[in-house]
Amino acid sequence: MKTSDLFEETSLALLANKARSSLTILGIVIGIASVIAMIAIGQGAKNNIEYSIQSLGSNLVLVMPGMQRSAGAGVSQARGSATTLTLDDAEAIASQVTAVAAVAPDLSGRYQVTAKGTNSNTSVVGTTASYTAIRSVEVAEGNFITEHNVKSLSKVAVLGPTARDDLFGEDSNPVGQTIRIKSIDFKVIGVTAEKGGSGFSNQDDMIFIPISTAQQFLVGSNKVSTISVQAEDQESMAQMQQDITDLLLARHNITNAALADFSTMNQSDVIATASSVTDTFTALLGSVAAISLLVGGIGIMNMMLTTVKERTREIGLRKAIGAKRRDISWQFLLEAMMLTFLGGIIGIILGWLISLIIRQFANIAASVSLSSVFLAFGVSAAIGIVFGYYPARSASRLNPIEALRYE
Amino acid sequence: MIECRHITKVYNTGAGAAPALQDVSFSIAAGEFVAIIGPSGSGKSTLMHILGALDTPTGGEYFLDGKDVSQLSDDDLADIRKNKIGFVFQSFNLLPRATVLRNVMLPLVYADIPKVERERQAKIALHNAGLDESHYYHLSNQLSGGQMQRVAIARALVNNPSLILADEPTGNLDTKTGEIVLGTFQRLNRDHNHTIILITHEHDVAEHADRIIHIRDGRLIDDVKNGQRREIIENS
């Protein structure tokens, strides 16, 4: 039997029972589409998280105050509550640790901010000029805080776009206007560009002021809440992290590293942790979807078994006029494979559409990867073969005499 | 052309061995129109299956065109059926929801004959089976019983077989349509020299053949030319 004839016989047989064929295909479509869409969503979530971590800046090591221990008592307070880091620490890191590209200390807190009748509770970050380079912040209008502002304790502020929208209305230009933080007037000198960071910290809803001003007028101490240190390149990050730890331990007169009153966080560790979480998440979503694919496969087998039963006489006739076992088993196997193949193609398209819709409306950068398409395709082909094999084999083994007599 | 030597068929059922055919021997020459007659349970269906290479005998030899086909494998039997035998069944066994032409071309699909040639041969076969062109593209389940059986005859003819086996071809037809179908067989035998074996339990049907082989209880009890048919009928 020629291959082209085999395909013709198969498609005619499937067309002869359109409703049943399409319902069976639907089972595979749903399975494949959900596998594709789920993996796309998982990948999208992973990309989102990685992006928002990257948007903090690149090659960063963050130094944060640790818990403060009262000597001997072993009572620990919450992490970050300590005021153990100072501007001097930041300067020491900048001058004494090798491979440091830039250092930006900051002192943040949430304050009620008012401007001409509007008011907003937002994050006020006291920092230095190097913050823009380290945290990849760009200035859309006006200027960022300068070294001079820091030295002279200027009461100037740079608004994030969200903070600007809240205080002055969307897309307005507030440069030159005045805002009040803790009853102190600040002159707006710039607005940063939108970063679009979402997730655990919205980088757009911030107000930047000189760190010295924040220490002097808002907090009243010389502590800093984070020191962001940028390494020259990714390879030197681990060594730099170690050097910073050693330096600060020495500066704080702590001999036992386990009792450090600060902690350091390497950005790539954060990404790796977050990625492993999202990978697990993706695998979970994928395996739930795979179950529906399995159910679709069982649907194929069910349909093929029914078909073989129903068409017993036809099989008998085909054998009587000279069809060999091979011809019969190929015909039925091909029917199953054609069903899954069609279901696979429609499923891939549907899954792709679903991830497009999610991308559009759910703010997840869902992306269909080529590998998940290949995986889905391979799986659907395998389902066709696995679940079509048994019915096809039983069809080919029918005795023509009994098959012809079958009522 | 056909030679059966001491054909025996024993079915092994759970209750023990049940002989369906015992020591049946006869031969049929090319161009003969033979009826095999016998009541139900006589073994005539078993004989037909063996003659049609659907089954193999447990004993004896069956030569078709000089070749012993009694010991062949399943796939070799399929080849014999494909090339040498055309079947006509009581219940037509056409593919539903397929056109007349496609039904007739089906055996040629398995014989790897090119598409254009298939259609040509199918049209000749349909013409010889007495079905006119207006029906070629009708679906087989839209036809009358007589038309269906003629499509089935055309399907049996299409691969130009050595032997046409008709198993109760008139069983599902009324007398008048049955006559037309039997007339078709007679014409095919007379005008196209096809060898035809007709299996039936009805004497009126068997009378259309030139020779009648009578089977009862798995044994051949009579083998006569049509001229002597009265005798057989009276004997039975």
Side-chain angles (χ1 to χ4, degrees), chain A residues 1-22 303 306-335 338 392-407, chain B residues 9 11 20 45-50 52-56 73-99 102-115 118 139-141 152 155-159 161 164-165 167-168:
Chain A
M1 197 172 182
K2 287 201 191 77
T3 319
S4 60
D5 291 325
L6 193 61
F7 273 98
E8 198 179 328
E9 290 292 322
T10 308
S11 29
L12 284 167
L14 291 179
L15 285 174
N17 217 325
K18 289 191 196 74
R20 193 195 293 169
S21 304
S22 27
M303 159 164 178
T306 316
T307 304
V308 168
K309 202 95 187 152
E310 258 183 12
R311 284 159 63 194
T312 301
R313 281 164 70 98
E314 180 195 320
I315 295 163
L317 171 82
R318 284 177 187 273
K319 286 199 146 190
I321 61 176
K324 295 186 176 154
R325 274 188 184 188
R326 185 164 28 95
D327 297 325
I328 300 291
S329 58
W330 266 114
Q331 186 186 339
F332 284 89
L333 190 58
L334 202 64
E335 275 184 34
M338 222 180 238
R393 204 182 69 138
S394 52
S396 74
R397 293 199 170 180
L398 284 174
N399 177 326
I401 298 166
E402 279 157 27
L404 280 166
R405 276 200 200 124
Y406 183 83
E407 292 298 332
Chain B
K9 178 76 184 180
Y11 288 111
S45 289
T46 306
L47 183 58
M48 187 212 91
H49 294 147
I50 290 168
L54 285 166
D55 206 351
T56 48
S73 70
D74 274 6
D75 276 357
D76 290 336
L77 286 176
D79 274 332
I80 297 284
R81 294 196 293 270
K82 181 163 73 188
N83 300 321
K84 294 185 183 289
I85 295 167
F87 285 98
V88 179
F89 300 100
Q90 178 175 359
S91 48
F92 324 132
N93 282 325
L94 300 179
L95 295 186
R97 287 181 288 250
T99 62
R102 199 168 94 78
N103 264 292
V104 176
M105 289 191 297
L106 194 60
L108 303 179
V109 169
Y110 290 105
D112 285 341
I113 286 170
K115 240 175 173 171
R118 270 185 229 163
L139 296 185
S140 64
N141 42 350
R155 184 180 62 197
L157 288 176
V158 76
N159 56 349
I164 294 173
L165 270 171
D167 185 13
E168 303 275 12

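The chains referred to below are lettered A, B, ... by the order of the sequence lines, with proteins before strands, and numbering in each begins at 1. Quantities reported herein were computed from a predicted structural model and do not represent experimental measurements.
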Next item on the list: Can you see which heavy atom on B:Leu54 is nearest to which on A:Pro400, and at what distance?
Entry: CD2-CB, 3.8 Å
Notebook entry, point to check: Looking only at heavy atoms, which two atoms of B:Ala78 and A:Ala323 are closest? And how far apart?
Noted result: CB-O, 3.9 Å
Note to self: For the interface with chain A, which of B:Leu77, B:Leu94, B:Asp79, B:Asn83 has the highest count of heavy-atom pairs at distances below 4.5 Å?
What the structure shows: B:Asp79
Checklist line | Verdict with reasoning, B:Phe89 to A:Leu317, per side chain to side chain contact (heavy atoms under 4.5 Å, CB included) | finding: CA-CA 9 Å; B:Phe89 300 100; A:Leu317 171 82; 3.8 Å; yes
Notebook entry, point to check: Quick one: of A:Gly316, A:Gly322, A:Ser4, who has the most non-hydrogen atom pairs under 4.5 Å with chain B?
Noted result: A:Gly322
Just verifying a value: how many Å separate [X] [atom1] and [Y] [atom2], rounded to the nearest 0.5 Å?
| X | Y | atom1 | atom2 | answer |
| --- | --- | --- | --- | --- |
| B:Met105 | A:Asp5 | CE | CG | 9.5 Å |
| A:Ile401 | B:Thr46 | CD1 | OG1 | 8.0 Å |
| A:Arg313 | B:Leu95 | CZ | CG | 12.0 Å |
| A:Lys2 | B:Asp112 | NZ | CG | 5.0 Å |
| B:Tyr110 | A:Lys319 | OH | NZ | 10.5 Å |
| B:Ser45 | A:Arg405 | OG | CZ | 6.0 Å |

Item checked: Positions in residues 7-17 of chain A that reach chain B, provided some heavy atom is under 4.5 Å away -> A:Glu8, A:Glu9, A:Leu12, A:Ala16
Notebook entry, point to check: Are the charged groups of B:Asp75 and A:Arg325 less than 4.0 angstrom apart, N to O?
Noted result: no
Margin query: Can you tell me which portion of B:Leu165 sits under 4.5 Å from chain A's heavy atoms? Options are side chain, backbone, both or neither.
Written below: neither
